[in-house]
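Lettering follows sequence order; numbering is per chain, from 1. Just so we're clear, the structure is a prediction, and the values are computed from it rather than from any experiment.
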Amino acid sequence: MLLFLLSVGLTLIFGMLDVINLAHGSFYTLGAYAGLAIAAVTGDFWIALALAPVVVAAVGALIERGCLRALYARGPNAQVLLTFGFIYLFDDLVKWIWGAHVRSMPPPAMLAGSVALGALRFPSYRLFVIVFGLAVAGLLWLLLERTRLGAILRAGVYDREMTAGLGVNVHRVFTGVFAVGAALAAVAGVIAVPIQAAYPGMGVEILVRTLIVVVIGGLGSLKGSLAGSLILGQAETFGKAWFPDTSMFIIYGVMVLVLLARPTGLFGRELR
Amino acid sequence: MPWVAGTYPVKLAQEILIWGIFAMSLDLLVGYAGMISFGHSAFFGLGGYVAALCLKHWSPSLASAVLLPAVAAGVAGLVIGYLSIRVSGVYFIMLTLAFSQMLYAAAFSTEWLGSSDGLPGVPRPSLPGVDLNLTPAFHLYVMVFFALAGVALDRIVRSPFGRVLRGIDDNAHRMAAVGYAVNRFKLVAFVVAAVIAGLAGSLYAQFNGYVSPEMLFWTTSGEALLMVIIGGTRTLAGPVLGAAAFIGLQSLVSSYTERWMLILGAVFIGFVLWAPAGLLGLVQEGAEPRA
């Protein structure tokens, strides 16, 4: 579900803006640390979960406005490189502000226990993560399929110029989408802290897996992100159980196979 | 120079030369053929690992140090290139990245490749009459290969083949319509770049005396891309200049503050935004006032 939250943000940004945002992992790191800082001040996990994404969304909006916008005319390659530069910037910034050591926080008190499902017991926080991820997926689906804003977004994914021609302020939509994508990454970041703690390299580490999910599922496809994160999650878990030595290898193998069989991913659209 | 200067500047110069070879080979793809590869580290690392294995376990000869790593990288380039060039743009970036990560994962989890520690104790090859363990000799040795790679790449980009590559970058559809087998040209460029990257990787292994999985990690490709962009794409001097700037900045800034990555990131973003032609572009702009 973490992967899903991350990849959904990435795929939204790509679908709308045609930008592969390599700094997406840095938004994830930033979200985790912002969440830690806010939780340290307020002592409340929920406030952190609500506020950290807002902070990161603002950062994302600034980047889109200040830097990316100037590059739309120069094609996708310049944008990929730009976001790569931001990885260095943010990762070092995080190290500077919060130091390089691993930090953690406990899950909120009401989710600290475990729940019995049939014969098995699960930590309730992990169940919460799954439910929360599904809720976000549902909300996003409603937003995209059932609202006017969603219609504009889908139109923008389909044909950007035509949408602009119909009188939609595409620039504002772009900034919004980038900010929302960043916020989703930050949500994933905050949620991840009680499970796996926060450290400066966490973004770069998860970025590659997120990219794989998005590519397997099809760039720009919400459904694809969900399918991709499920496939990757299963492949990793079973891979670790059955072939512990080669599990890392397997996920890349899955991606290569999918891409060779269906170059646009499982649910991808044709490239323009 | 290397005879008078201390060892630290010489080592720095050797590192710049080796990364310069690597960055030049990447620029053949990025600058000339318009293929942004985030998987070039695959060949750099492969060259390093093959050199390490051959030098340690087979024979400390030039064949293990140069020939086999380059051939191995070329074969890998043929396979990865054949599969990757079928897609373009963002998907090409992703596929190359996936392949290099695959090799990283393989090296990371294979015991006889040293797992996460890599392989230490890589000897330098022994040549008749020359002791490469002496810094000046090794410096000359690196310079020879730097010159060879530079001349070879220069010949390539000036040849009709190089012009076709530029044509593909500018307009692949038109080149195909005119009758060029676009994908075959791309594949050849990919293999050539892989061979030279493999050479650079093998030199890097001999320079350090060890190889580690980090050489294969995708951020290594990213660093080479930084060098290419900072120096200036579609030139051969640019990537070398970029390598010098990158490594120079790294050692200079890191002796004052730990924040060199922050500064590097900011510098890089600045170049992407305001100086897409890189350092060389800035120099040329200063030399000839715009009409």
Side-chain angles (χ1 to χ4, degrees), chain A residues 14 18-20 22-23 26 63 66-68 70-71 74-96 100 204 207-209 211-212 214-216 219 243-256 258-260 263-265 268 271-272, chain B residues 30 34-36 38-39 80 82-84 86-111 115 169 213 217-219 221-223 225-226 228-230 233 257-274 276:
Chain A
F14 177 80
D18 272 351
V19 174
I20 281 285
L22 289 182
S26 301
I63 290 178
C67 300
L68 274 175
L71 293 180
R74 294 228 318 262
N77 289 345
Q79 295 157 354
V80 173
L81 294 172
L82 182 88
T83 56
F84 184 70
F86 275 107
I87 295 184
Y88 280 77
L89 200 79
F90 282 133
D91 283 12
D92 210 37
L93 215 57
V94 164
K95 260 188 226 159
W96 194 2
V204 175
L207 174 71
V208 176
R209 290 158 71 214
L211 288 172
I212 293 175
V214 172
V215 168
I216 288 181
L219 285 160
F243 318 99
D245 294 334
T246 49
S247 65
M248 277 167 84
F249 202 75
I250 287 172
I251 54 173
Y252 300 113
V254 170
M255 164 168 169
V256 169
V258 169
L259 266 191
L260 291 178
T264 49
L271 282 182
R272 282 189 291 255
Chain B
V30 174
M35 301 148 81
I36 298 219
F38 261 99
I80 295 176
Y82 177 74
L83 296 172
S84 304
R86 303 202 290 183
V87 293
S88 60
V90 180
Y91 290 94
F92 179 77
I93 295 179
M94 296 307 311
L95 209 50
T96 49
L97 195 152
F99 278 116
S100 79
Q101 286 300 103
M102 227 158 130
L103 289 187
Y104 168 76
F108 194 89
S109 47
T110 309
E111 210 149 306
S115 300
D169 182 21
F217 201 63
W218 70 278
T219 47
S221 314
E223 275 172 24
L225 265 179
L226 288 173
V228 172
I229 304 290
I230 289 178
T233 53
T257 143
E258 286 172 35
R259 299 278 73 88
W260 81 271
M261 278 194 16
L262 185 79
I263 295 169
L264 185 80
V267 167
F268 178 69
I269 291 168
F271 269 102
V272 173
L273 279 178
W274 298 299

Enquirer: What's the spacing between A:Asp92 CG and B:Leu264 CG if we round to 0.5 Å?
Expert: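 These two atoms lie 9.5 Å from each other.
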Enquirer: Any non-hydrogen side-chain atom of A:Leu207 less than 4.5 Å from a side-chain atom of B:Trp218?
Expert: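 In short, these two side chains touch, coming nearer than 4.5 Å.
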Enquirer: Using non-hydrogen atoms only, which part of B:Leu103 is less than 4.5 Å away from chain A: side chain, backbone, both, or neither?
Expert: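 The answer is neither part of B:Leu103.
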Enquirer: Side chain from CB out, backbone as N, CA, C, O: work out which of these in A:Leu68 comes under 4.5 Å of a heavy atom of chain B, or both, or neither.
Expert: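 Neither part.
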Enquirer: Tell me, with the steps shown, if B:Ile36 and A:Val80 meet side-chain contact (heavy atoms from CB on, under 4.5 Å).
Expert: CA-CA 10 Å; B:Ile36 298 219; A:Val80 173; 5.7 Å; no
Enquirer: Hey, does A:Trp96 have a side-chain heavy atom less than 4.5 Å from the side chain of B:Leu262?
Expert: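 Answer yes - side chains close enough.
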Enquirer: Determine, stepwise, if the pair A:Leu81 / B:Phe268 fulfils side-chain contact (heavy atoms from CB on, under 4.5 Å).
Expert: CA-CA 9 Å; A:Leu81 294 172; B:Phe268 178 69; 4.0 Å; yes
Enquirer: If you measure from CZ on A:Phe84 to CD on B:Glu223, what distance do you get to the nearest 0.5 Å?
Expert: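 The CZ atom of A:Phe84 sits 7.0 Å away from the CD atom of B:Glu223.
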Enquirer: What part of B:Leu225 lies closer than 4.5 angstrom to a heavy atom of chain A: side chain, backbone, both or neither?
Expert: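 Only the side chain of B:Leu225 comes within 4.5 Å of chain A.
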Enquirer: CG of B:Leu97 to CG of A:Leu211: how many Å apart, nearest 0.5 Å?
Expert: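 Reported to 0.5 Å precision, the distance equals 6.5 Å.
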Enquirer: Select one option (side chain, backbone, both, neither) describing which atoms of A:Phe90 are under 4.5 Å from chain B's heavy atoms.
Expert: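 Looking at A:Phe90, nothing touches chain B.
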Enquirer: Under the side-chain hydrogen bond (donor to acceptor under 3.5 Å, both in side chains) test, which residues partner B:Ser221, sequence neighbours left out?
Expert: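 For B:Ser221, the residues satisfying side-chain hydrogen bond (donor to acceptor under 3.5 Å, both in side chains) (neighbours in sequence not counted) are B:Ser41.
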Enquirer: Is it the backbone or the side chain of B:Phe271 that comes under 4.5 Å from a heavy atom of chain A, or both, or neither?
Expert: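 Neither the backbone nor the side chain of B:Phe271 comes within 4.5 Å of chain A.
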Enquirer: Is there a side-chain contact (heavy atoms from CB on, under 4.5 Å) between A:Ile20 and B:Ile93? Walk through the geometry before answering.
Expert: CA-CA 10 Å; A:Ile20 281 285; B:Ile93 295 179; over 6 Å; no
Enquirer: Kindly determine whether A:Tyr88 and B:Leu226 satisfy side-chain contact (heavy atoms from CB on, under 4.5 Å), including the steps that lead there.
Expert: CA-CA 11 Å; A:Tyr88 280 77; B:Leu226 288 173; 3.7 Å; yes
